[in-house]
Amino acid sequence: MKRPGINRMLVEGLLLWILVVMVKATTSEDSLPIFLEEPESAVISHHASVTLPCKVLPSSAVVRWKFNGDSVKEGGSKGFSIVGTNLHIANFKHKRKQDSNEGIYQCIAETSVGRVASRPARLSKTVLKRFQSREDLRLNGTIGYSIVLPCQPPISSPEANILFELNGTIISTSSDHYQILSSGNLLIRNLTLNDQGTYRCIAVNPVSNQNRTSSHIISLSVRNYTQEIRHFQYHGEYVNEYPGSDTSQVPPVGSCQLHSTDTPSLQITVRGDSLTNEILKS
């Protein structure tokens, strides 16, 4: 009968041998390449320096690069250079098609066992279009209330960061008072007289730092409704009885005054009699 200790030693030895074989297989010159790091898509500003990484096992694998399906050649008008296994572009260009570095890049690793291609990586230029033209906007707000100022961001790649300008002062971050919404609109909470003025929307490309300012303005007036806000007279049945007549010659039936203070009040007078108390009690 075999002792349990011997069986355990045999199993552990077998597992160790399998592990060694697997390690050798992954590092052998005759194994299929494995990517440790691949190039990724990115938005690049004009004249920027770019390095696309490519790391593979085994280290003996032959690494090449492709650009838009064609093998990359160092130098030339596109300014490619291969540093180790990485592809370097010293001066990213996109204006002239024949010299443009915009396109799809792939790293190709090869051993005697086979060839493997990395995932495609697209390098594209930054974009920031102008704001669409629109008419100036006038808005009214009330002290203590909230209001949303609209902003339609222009086309941008990558997505632009939105700022606002108020009377020459930049609003760039959100706070308890200001909040730049994901839509690009500006939410102002608890309005004060200091919020009154002229607003402009500004878009900034986060990669190129290029910025655009809207051509239209938003004029915000902030009011404090503690004074009488409405006073009018009406002519009631006299207007209906004589359609088309000159109502300026018809004695008014009564008047209505609406006041807004901390406690709003309504005063209605008909033929000289005040109905204020009766109406508010009913």
Side-chain angles (χ1 to χ4, degrees), residues 38-53 89 91-97 100-105 119-226 229 260:
E38 301 178 63
E40 296 183 354
S41 298
V43 178
I44 311 298
S45 58
H46 194 47
H47 298 309
S49 174
V50 188
T51 298
L52 295 175
I89 306 171
N91 184 10
F92 186 85
K93 300 181 292 293
H94 57 72
K95 290 190 175 181
R96 296 177 58 188
K97 185 175 181 180
S100 175
N101 297 119
E102 276 194 285
I104 297 176
Y105 293 79
R119 61 173 174 262
R122 176 181 291 276
L123 296 188
S124 55
K125 65 180 179 180
T126 57
V127 175
L128 182 60
K129 301 288 187 180
R130 296 182 183 276
F131 280 89
Q132 292 184 354
S133 59
R134 57 170 296 176
E135 294 182 355
D136 293 345
L137 183 63
R138 294 184 180 276
L139 298 176
N140 295 321
T142 304
I143 286 179
Y145 286 79
S146 298
I147 194 169
V148 174
L149 307 188
C151 175
Q152 185 175 353
I155 295 173
S156 177
S157 180
E159 183 177 344
N161 295 326
I162 300 300
L163 317 175
F164 277 82
E165 180 187 42
L166 168 60
N167 300 331
T169 300
I170 299 298
I171 303 171
S172 59
T173 57
S174 294
S175 64
D176 292 338
H177 189 59
Y178 296 116
Q179 183 180 353
I180 300 176
L181 306 176
S182 58
S183 61
N185 298 337
L186 176 65
L187 169 63
I188 308 176
R189 299 185 181 91
N190 193 22
L191 281 168
T192 69
L193 291 176
N194 291 331
D195 297 315
Q196 188 166 261
T198 300
Y199 291 78
R200 289 184 185 272
C201 186
I202 302 173
V204 180
N205 188 294
V207 173
S208 65
N209 288 322
Q210 181 186 9
N211 66 81
R212 301 278 193 188
T213 302
S214 63
S215 57
H216 62 277
I217 62 173
I218 301 174
S219 297
L220 176 62
S221 296
V222 180
R223 300 177 181 177
N224 185 4
Y225 285 121
T226 58
I229 62 172
S260 178

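The local environment of CG in L181 is crowded, with over 12 non-hydrogen atoms from other residues, nucleotides or ligands closer than 6.0 Å. Within a 6.0 Å sphere centred on CZ of R130, other residues, nucleotides and ligands contribute 12 heavy atoms or fewer.
In terms of heavy-atom proximity, S157 sits nearest to V43 at O-CG1, 3.5 Å. The two residues K129 and P154 make their nearest non-hydrogen contact at O-CB, 3.3 Å. Residue S45 comes nearest to V207 through the heavy atom pair N-CG1, 3.9 Å, listed as atom of the first residue, atom of the second, then distance. When all heavy atoms of L52 and E40 are compared, the pair lying nearest together is CD2-O, 4.4 Å. Between G184 and C151, the closest heavy-atom pair is O-CB, 3.2 Å. Between S215 and R200, the shortest heavy-atom distance links the atoms O-NH1, 3.3 Å.
When the side-chain hydrogen bond (donor to acceptor under 3.5 Å, both in side chains) test is applied to N91, the partners found at least two apart in sequence or on another chain are H47. Qualifying side-chain contact (heavy atoms from CB on, under 4.5 Å) partners for N101, counting only residues two or more places apart in sequence or in other chains: K78, F80, I89, F92, K93, Y105. Looking at residues two or more places apart in sequence or on another chain, you find a ring-ring contact (aromatic ring centres under 6.0 Å, His included) between H46 and H94.
Considering N205, N209, I44 as possible partners of T126, the one that fulfils the side chain to side chain contact (heavy atoms under 4.5 Å, CB included) test is N205.
Using a 4.5 Å cut-off on side-chain heavy atoms (C-beta onward), P150 and I218 make contact.
The CG atom of L191 sits 11.0 Å away from atom OG of S221, with the distance rounded to the nearest 0.5 Å.
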H216 and E135: CA distance, side-chain angles, deciding distance, side chain to side chain contact (heavy atoms under 4.5 Å, CB included) verdict
CA-CA 6 Å; H216 62 277; E135 294 182 355; over 6 Å; no
Evaluate side chain to side chain contact (heavy atoms under 4.5 Å, CB included) for Y199 paired with I217, printing each intermediate quantity in order.
CA-CA 6 Å; Y199 291 78; I217 62 173; over 6 Å; no
In a table with atom names and distances, give each donor-acceptor pair under 3.5 Å that connects a side chain of residues 166-173 to protein atoms at least two apart or in another chain.
unit_1: N167; atom_1: OD1; unit_2: T198; atom_2: N; d: 3.0
unit_1: N167; atom_1: ND2; unit_2: Q196; atom_2: O; d: 3.4

Only pairs under 3.5 Å count here: list side-chain donor-acceptor contacts from residues 139-149, not counting sequence neighbours, and write none if there are none.
none

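For residues 176-187, the set of pairs meeting the side-chain hydrogen bond (donor to acceptor under 3.5 Å, both in side chains) definition, not counting sequence neighbours, comprises H177-D195, Y178-D195, Q179-R189, S183-N185.
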